Amino acid sequence: MDSKFSSKQALLFSIINYIGVAIGMISTLFIYPNDKEFLGIVRFIDGFAQILYPIMVLGASTALLNFQPQLNEFLQRKLFSYSAISIVFMIGFCAFFISIFYFLEVTTNTENYVYGFIIAVFLAFIDLMKRQAYNLQKIAVPTFFEKIIPKITLPLAFILVLYFAVSYHEALSIYTLSFLLIFMAIAWYLLRIFKPVFSLNYQDLFQEISKKEYYKYSLYAFTASLGSFFAFRIDSIMIPEFISNEANGDFNIGVNLANALMIPATGVFALYSPIISEALKNNQLDLLKNKYTEVAKNLYFIGILMFGCLILGISDLFALLPTSDKLAPSLPILYILGVNVILNMATGFNTEIIAYSKYYKFNLIAILSLAGLNIGLNYFILTQTNFGIIGVAYASLFSMFVFNLMKLIFIYKKFRMLPLDKKYLKLIILSLSLLYVFSILPLPDWAGFSFILRCFLFAFVLSGIVFAMHWVPELNKIVIKTFNKLSK
């Protein structure tokens, strides 16, 4: 099962993402708070694009990963081209309805919807090409283009607005064009290592895979993808509608910082997707069970290290910044959504196990349940309470807890697998206990920098105990390997 997993690609994926996060954090801490209204508009446009592009893809990219393992190389290339053609047709379908929506002037924010549509077109093809790169275990370069380019162009757009009197319209045009650049760059890279076979006849392809099953799975993937937006990203649409663009900016500053915790998991899940698919098709359940627990434990350890340091130090760090007063409203959001991210990491690749098994329809049920719960809670909080964006964050946390619990119970019933073992439970108890101890531990005041010592002690003590007890074998491998290299 591990033969196709590229640790190098996973490492590069994480490094590239952290470079993007470093750029993004500088922007989030020093640039975005200076114009929260513009940030709220950008996130609204992103949110609309995230609704639209799954309709354009219509599950083709997920179906690509699901069906490619059972095809020869030639038919794999034909399946990719068939997916690309289907996206073109769906873009035309979406363009027709969006144009009606635009000319009837259903909303006063038509310009923002146009930007969202254009971005969605590029995202649709980017998603397809990324999935093909995942299947080839070549995710580092596409990730570089996808993660770094927007992180540069968006703060550039802000700087132009803030200091050079550039209009919102011109700045949004620059941001939108960055997705064209991403599309062109990923296409250039992928077509050098993978050659699609375009044809007017795909009969040979559908002799190997059932056309009925292909479309059935694609529709499932589309519904799940669209449901994912309503489950995970609907906040960016609802907050401007019921509160303001500025509140949306506050919320998204917290989202941006919390999402940094998820980077290691994103790379691992992406690289394991084709491996999980193949393992399930070959009925390698024992191997899958071991990896399920191992990966979940590794990700929790990484996640709690980062989240612990965030909890112990972020408020003191913010207090030192010139934008501290503008960042303060985002702190509670960051804490709550940080717990959300740890929940996702701690439960491992449960979504992928279900998605590539014969029980894939359950993911749709879980996603739609999450979407309904999240939208319902958000609507209630935004219209019937005064909790505001903090209430929205708590709604997301509760919904995510229910969502992950549903998947854990389902996988246990169908596969007799849980990502928990005794060592994992000990790790959870130890990490939370240490987090509490170091949060109340009195330390000397170093002109506001004592949080650095607090974070260091937490990370050092937790890592030291885990290493000594061999609770996370991957940590021991990395430490011993590094020590051997340095001692040569």
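All residue numbers refer to positions in the sequence shown, counting from 1. Here the structure is a predicted model, which means the values were calculated and not measured.
- Looking at F179 and V121, their side chains never come closer than 4.5 Å, going by heavy atoms from C-beta outward.
- Side-chain atoms of S431 come within 3.5 Å of backbone atoms of I428 as a donor-acceptor pair (strictly under, hydrogens ignored).
- Between N344 and T351 there is no side-chain heavy-atom pair separated by less than 4.5 Å.
- For the residue pair N374 and Y379, no side-chain donor N or O sits within less than 3.5 Å of a side-chain acceptor on the partner.
- A donor-acceptor pair is defined here as one N or O able to donate and one able to accept, closer than 3.5 Å; no such pair exists between the side chain of T62 and the backbone of G59.
- Residues satisfying the salt bridge (Lys or Arg N to Asp or Glu O under 4.0 Å) criterion with K407, sequence neighbours excluded, are absent altogether.
- Residues K289 and D286 are not paired through a salt bridge, judged by the lack of any N-O separation under 4.0 Å between the basic side chain and the carboxylate.
- Closest heavy-atom contact between P240 and F44: CG-CD1, 4.4 Å.
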Dump the intermediate steps for side-chain contact (heavy atoms from CB on, under 4.5 Å) on S463 and L305, then the final yes or no. CA-CA 8 Å; S463 301; L305 268 180; 3.9 Å; yes

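- Within the 4.5 Å cutoff, no side-chain heavy atoms of Y300 are placed close to those of M345.
- Separation of the Y189 and F145 ring centroids does not fall under the 6.0 Å cut-off.
- In terms of the salt bridge (Lys or Arg N to Asp or Glu O under 4.0 Å) criterion, residue partners of D421 (sequence neighbours excluded) are, by chain and number, K297.
- When ring centroids are compared, F460 and F467 stay outside the 6.0 Å threshold.
- Counting only heavy atoms from C-beta outward, the side chains of D46 and V42 approach each other to under 4.5 Å.
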Pair I367-F403, side-chain contact (heavy atoms from CB on, under 4.5 Å): steps then yes or no: CA-CA 7 Å; I367 283 286; F403 178 59; 3.7 Å; yes

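- Between E246 and L39, every side-chain heavy-atom pair lies at or beyond the 4.5 Å cut-off.
- When D250, N248, N252 are each tested for a side-chain hydrogen bond (donor to acceptor under 3.5 Å, both in side chains) with K36, only one passes: D250.
- Looking only at distances, a side-chain donor or acceptor of N404 sits under 3.5 Å from a matching main-chain atom of M400.
- Note on ring orientation: taking the six-membered ring where Trp is involved, the planes of Y214 and F67 are tilted (angle from 30° to 60°).
- A side-chain N or O of Q68 and one of Q132 form a donor-acceptor pair less than 3.5 Å apart.
- With hydrogens and angles ignored, the 3.5 Å screen pairs no side-chain donor or acceptor of S324 with any backbone N or O of L320.
- Residues S369 and M406 come closest through the heavy atom pair OG-CE, 4.0 Å.
- Note: L420 CG to L427 CG = 10.5 Å, rounded to the nearest 0.5 Å.
- Counting non-hydrogen atoms of neighbouring residues, nucleotides and ligands closer than 6.0 angstrom, the OH atom of Y215 exceeds 12 such neighbours.
- Considering only residues two or more places apart in sequence or on other chains, F80 meets the ring-ring contact (aromatic ring centres under 6.0 Å, His included) condition with F194.
- P33 approaches I253 most closely through the heavy-atom pair CG-CD1, 4.1 Å.
- Minimum interatomic distance between A393 and F251 (heavy atoms only, all atoms of both residues): N-CE1, 4.0 Å.
- Looking only at side-chain heavy atoms (C-beta outward), K130 and E146 come within less than 4.5 Å of each other.
- A distance of 14.0 Å separates CG in L128 from CE in M56, rounded to the nearest 0.5 Å.
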Could you go through the side-chain contact (heavy atoms from CB on, under 4.5 Å) check for K426 and L430 one step at a time? CA-CA 6 Å; K426 290 176 182 177; L430 172 70; over 6 Å; no

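- Within the 4.5 Å cutoff, no side-chain heavy atoms of M90 are placed close to those of V57.
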Only pairs under 3.5 Å count here: list side-chain donor-acceptor contacts from residues 19-31, not counting sequence neighbours, and write none if there are none.
{"from": "S27", "atom 1": "OG", "to": "I23", "atom 2": "O", "distance (Å)": "3.0"}
{"from": "T28", "atom 1": "OG1", "to": "G24", "atom 2": "O", "distance (Å)": "2.7"}

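- Under a 3.5 Å cut-off, the side chain of S61 and the backbone N or O of M129 do not form any donor-acceptor pair.
- Here the straight-line distance linking atom OG1 of T293 with atom CG of L288 works out to 9.5 Å at 0.5 Å rounding.
- Closest heavy-atom contact between F415 and I353: CE1-CG2, 4.1 Å.
- Here the closest non-hydrogen pair linking G391 and I381 is O-CD1, 3.1 Å.
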Could you walk me through whether Y412 and N350 pass side-chain hydrogen bond (donor to acceptor under 3.5 Å, both in side chains), step by step? CA-CA 10 Å; Y412 180 74; N350 49 21; over 6 Å; no

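- Remark: R454 fails to qualify as a cation-pi partner of F458 under the 6.0 Å distance and 45° angle criteria applied to the six-membered ring.
- Taking CD1 of I45 as the start and CG of N112 as the end, the distance is 4.0 Å to the nearest 0.5 Å.
- Within the 4.5 Å cutoff, no side-chain heavy atoms of I311 are placed close to those of S439.
- For Y217, the OH atom sits in a packed shell: over 12 heavy atoms of surrounding residues, nucleotides or ligands are nearer than 6.0 Å.
- Once rounded to the nearest 0.5 Å, the distance linking CD1 of I182 with CG of L123 reads 7.5 Å.
- Listed by chain and number, the residues in a salt bridge (Lys or Arg N to Asp or Glu O under 4.0 Å) with D35 amount to none (sequence neighbours excluded).
- Aromatic rings of F158 and F38 (six-membered ring for Trp) have centroids within the 6.0 Å cut-off, being under it.
- Using the six-membered ring where Trp is involved, F183 and F125 have ring planes that are tilted, between 30° and 60° apart.
- Scanning for salt bridge (Lys or Arg N to Asp or Glu O under 4.0 Å) contacts around K326 gives an empty result, with sequence neighbours left out.
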Could you give me the CA-CA distance, side-chain angles and deciding distance for Y335 and S315, then say whether side-chain contact (heavy atoms from CB on, under 4.5 Å) is met? CA-CA 10 Å; Y335 296 148; S315 62; 3.7 Å; yes

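- Atoms CD1 and OH, from I389 and Y394 in turn, are 12.5 Å apart once rounded to the nearest 0.5 Å.
- N340 and S396 share no donor-acceptor pair across their side chains, judged by distance under 3.5 Å alone.
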